[in-house]
Amino acid sequence: MATVVTLILVGAALLLLETVLPGMIAGIIGFGCLIAGVVMAYLNFDTATANVVLLVVVLGVILGALGWFKFFPDSRFAKVFISQRTVGDIGTDKPELLNQTGKALTPLRPSGTAVIGGKRIDVVTKVVAVEGMRVVVRSV
């Protein structure tokens, strides 16, 4: 019985470690330990006891995973592993283009290229008004 319990506890611990260690090695070994614990239960005990061990392992993995998904992301422990800031500036802000008009260089279906202030700019548009043959578009 001690071997079965040890294998299951080591397997559960390795599965928990897999969430913070890269490489899937701990997870694979942990899953193997859980399977080995269940197999050892079937080899050393009667079927009813081994079925209980299997049920406990399956329910433990399911409930443990659900609990981990629910509580881990908001925990203090998770704050160590989850970055809360952005890295670098990709320079996408262009406030100088606000309220400017330009001329389309390519068909805008709904995206394309336009010249605004003498610069080629990738744009996305939507139709906001139709006045006869004139179609008025705004950026999305």
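The first residue in the sequence is number 1, and the count goes up from there. All heavy atoms count here, side chains included; hydrogens, waters and symmetry mates do not.
Linking ILVMFWY residues whenever their side-chain heavy atoms come closer than 4.5 Å, directly or via other members, places V5 and V53 in the same cluster. Follow the hydrophobic side-chain contacts under 4.5 Å out from I62 and you never reach F31; the two are in separate clusters. Taken together through direct or relayed side-chain contacts under 4.5 Å among Ile, Leu, Val, Met, Phe, Trp and Tyr, F71 and L63 form parts of separate hydrophobic clusters. Hydrophobic clustering places Y42 together with M40 (ILVMFWY residues linked when any side-chain heavy atoms are closer than 4.5 Å, directly or through intermediates). V38 and V56 are assigned to two separate hydrophobic clusters, defined by single-linkage of ILVMFWY side chains at heavy-atom distances under 4.5 Å.
For the pair T6 (side chain) and A2 (backbone), a donor-acceptor distance under 3.5 Å is present. Counting only distance, with no hydrogens or angles, the side chain of S111 and the backbone of V123 share no donor-acceptor pair below 3.5 Å.
Taking CG of L21 as the start and CG of L14 as the end, the distance is 9.0 Å to the nearest 0.5 Å. Atoms OG1 and CG, on T113 and L108 in that order, are 8.0 Å from each other to the nearest 0.5 Å. One finds the CG atom of L54 at 12.5 Å from the OG1 atom of T49 (value rounded to the nearest 0.5 Å).
Two residues are said to be in side-chain contact when any heavy atoms from C-beta on lie closer than 4.5 Å; L34 and L7 fail this criterion. Counting heavy atoms from C-beta outward, L16 and W68 have side chains that approach closer than 4.5 Å. The shortest distance between side-chain heavy atoms of V4 and F45 falls below 4.5 Å.
Here the closest non-hydrogen pair linking G11 and C33 is CA-CB, 3.6 Å. Contact detail for I25 and E18: the closest heavy-atom pair is N-OE1, 3.7 Å.
The side chain to side chain contact (heavy atoms under 4.5 Å, CB included) with L55 is formed by just one residue from the set L59, V57, V58; it is L59.
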